[in-house]
Amino acid sequence: MINRRQFLTRLSGLSIIAAFPLPTLAAGHRRYQLTAARVEHPIGGPGKPVSPLLLYNGKSPGPKLTARKGEILEIDFQNRLEQPTTIHWHGIRNLNEMDGVPNVTQAVVEPGEQFTYSFPVRDAGTFWYHAHNRSFEQVARGLYGPLIVTDSEPSENSRDIVLMADDWRLDEDWRLDEASFGSLHDWSHGGRLGNWLTINGESRPEIPIPKTGFVRLRVINAANARVLSFQFSRKAPMQIIALDGAPCVPFDTATLRLGPAQRADIIVQADPDLGSLYEVTGGGNFEAARFISKPVSKSVLENISASPWYSYPDIKDAKLINVHMQGGAMGNLTSAEFEGEEMPIRKLALEKQKFWAFNGQVGGYEHLLADLNLGDTAILRVFNDTRWEHTMHLHGHHFWVKSKEFGQETHEVLRDTYLMAPGETADLVFIADNPGLWLFHCHALEHHAGGMGGVISIS
Ligand code: C2O
Ligand code: CU
């Protein structure tokens with residue numbers, strides 16, 4: 001456990017700059033103010049009843065934060081909630097003490113308290129930020145927003161469009177279904193699945209696009225647990241140019257499938273017939289957003305980089321970390337260790353609300369999966385021995401994976417969250433170049449809360 005005072009004294013601009021070698025980059029500061037508070041918000045749309053959401057700066061999603069690569073992002077955060085919280089900067093290869101994991105990288109920010117997050121952004125790409133305490137509830141109530149880092153000075157650009165998707169669960173009265181938070185069924189099955197899809201906080205919004213040329217769509221899945229699949233009504237192919245912020249060798253896909261927390265940057269030809277973005281899970285075409293052609297003044301797409309942040313490492317001397325994932329409904333886990341005691345799964349479920357284990361141990365912030373030396377190359381060999389898909393996220397690093405997420409063909413990609421099929425074994429290969437305690441967990445937030453998590457120590 002880390003006490004709060006230690007954190008405050010460790011916050012100095014100098015130590016931040018020293019932590020990353022960024023020789024060619026000028027360390028400009030970019031400041032934002034974020035306040036988390038309860039807001040009565042009509043999530044079902046204008047005129048519908050309001051629900052008690054938890055939002056950043058009163059907005060759903062929270063404000064779009066932008067920065068230029070190499071800058072130091074400084075966020076003055078105020079917690080006006082009635083519960084403690086933290087903010088995680090998902091996908092940023094961050095300083096450990098700015099990573100926002102309660103009691104692992106910082107003490108929680110208590111109600112009424114303030115915390116300054118300050119860190120350099122060393123990569124350009126599509127990221128997001130979200131609450132990381134009781135995230136199964138705080139994120140479901142709206143505590144998240146986009147974070148876009150660009151190579152040049154950020155500006156409004158009508159060819160660069162963020163589409164942040166969420167899957168809310170509303171009751172018959174169009175209110176957020178609060179009674180189902182903590183549902184044992186959700187935690188042991190596929191997580192909290194909703195019935196109300198929003199893009200940038202609205203159902204079926206109109207998204208202005210230029211009349212000709214190409215646009216870059218930055219699609220972010222902020223849902224607790226829903227895997228989302230998108231297509232264009234025109235059946236235009238989507239060219240994927242980046243995954244989880246990191247550039248990839250571009251490839252086409254007809255359907256864009258994103259697990260919770262995943263992002264994809266896609267390039268598409270803008271024309272008046274682009275039509276709509278459909279969500280196609282379950283076979284039907286559900287209109288998620290409608291593209292509306294607009295004449296535009298500013299119309300230059302930023303240069304698109306195809307070079308990865310780092311190349312596939314040499315794995316000859318790599319350290320192997322085995323993670324055997326078990327549990328959940330219809331699974332093969334009969335008992336697991338929890339707080340030092342072996343318990344049958346029934347007791348874990350009913351008394352502890354735990355359903356999942358890594359290597360026979362119910363995961364949590366104390367569960368150490370590996371102890372690496374700084375600079376090691378590591379292979380996280382993850383075996384999904386469950387009946388469910390899992391969207392596995394590593395903090396502080398992007399890993400290489402031979403992805404089976406895009407149909408028959410395997411794509412070797414760098415990303416921070418990997419959507420695994422039941423029965424799949426995947427090697428997540430990374431260079432442990434960022435010191436600290438880093439979480440590895442399922443981003444189906446109910447699975448995480450139910451035991452799918454552990455920590456990798458790098459020193
Ligand atoms: Cu998006 Cu542990 O987080
Ligand atoms: Cu999971």
Side-chain angles (χ1 to χ4, degrees), residues 61-62 85-94 96 98-106 108 125-136 138-140 143-147 164 166 186-193 220-227 244-245 258-263 323-331 333 354-358 362-365 367 369 382-399 415-424 426 436-456:
T85 192
T86 57
I87 307 179
H88 172 56
W89 313 92
H90 187 120
I92 298 288
R93 299 195 282 168
N94 211 333
N96 194 246
M98 293 294 132
D99 197 44
V101 181
N103 302 322
V104 176
T105 70
Q106 70 169 103
V108 288
T126 304
F127 306 100
W128 65 303
Y129 59 96
H130 63 80
H132 211 294
N133 191 44
R134 280 181 68 78
S135 54
F136 69 90
Q138 293 189 356
V139 173
L143 283 174
Y144 61 79
L147 167 56
M164 193 166 208
D166 196 2
D186 290 352
W187 288 36
S188 57
H189 291 68
R192 180 184 176 89
L193 301 177
I220 306 172
N221 183 350
N224 272 41
R226 172 83 71 186
V227 178
D244 300 345
L258 288 179
Q262 292 188 316
R263 291 89 67 210
V323 176
H324 181 196
M325 310 194 316
Q326 286 176 287
M330 300 171 286
L333 186 70
K354 298 293 176 190
F355 304 91
W356 308 91
F358 284 175
V362 172
Y365 290 161
H367 182 192
L369 294 169
V382 189
F383 172 29
N384 177 8
D385 194 9
T386 79
R387 298 293 198 92
W388 303 91
E389 279 187 299
H390 299 289
T391 181
M392 303 308 298
H393 172 47
L394 177 63
H395 282 221
H397 302 76
H398 274 56
F399 48 76
R415 65 185 319 170
D416 62 42
T417 306
Y418 183 60
L419 182 61
M420 296 186 72
E424 182 177 350
L437 291 171
W438 301 104
L439 213 56
F440 176 65
H441 66 94
C442 181
H443 221 287
L445 299 172
E446 293 72 27
H447 291 179
H448 181 207
M452 297 201 93
V455 168
I456 293 172

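Start at 1 and go down the list; that is how both ligands and their atoms are numbered.
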Can you find a heavy atom in the side chain of V323 that is under 4.5 Å from one in the side chain of M392? no
Using a 4.5 Å cut-off on heavy atoms from C-beta on, say whether the side chain of T86 contacts that of V101. no
For atom 1 (Cu) of ligand 1, how many protein N, O or S atoms come closer than 2.8 Å?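 Considering protein N, O and S only, atom 1 (Cu) of ligand 1 has 3 within range.
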Under a 3.5 Å cutoff, is there a donor and acceptor pairing between the side chains of [X] and [Y]?
X	Y	answer
Q138	T85	yes
D99	H88	yes
H90	T417	yes

D416 and its side chain to side chain donor-acceptor pair (under 3.5 Å) partner, picked from H397, R93, R263: R263
Option from H447, H443, H448 for which side-chain contact (heavy atoms from CB on, under 4.5 Å) with H390 holds: H447
Please report the number of protein N, O or S atoms that lie less than 2.8 Å from the Cu ion (ligand 2).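 N, O or S atoms of the protein closer than 2.8 Å: 3.
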Which label fits H398 and F127: parallel for a plane angle under 30°, tilted from 30 to 60°, or perpendicular past 60°?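 Rings of H398 and F127: perpendicular, as their planes differ by over 60°.
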So, does D385 use its side chain to make a donor-acceptor pair with the main chain of Q326 at under 3.5 Å? no
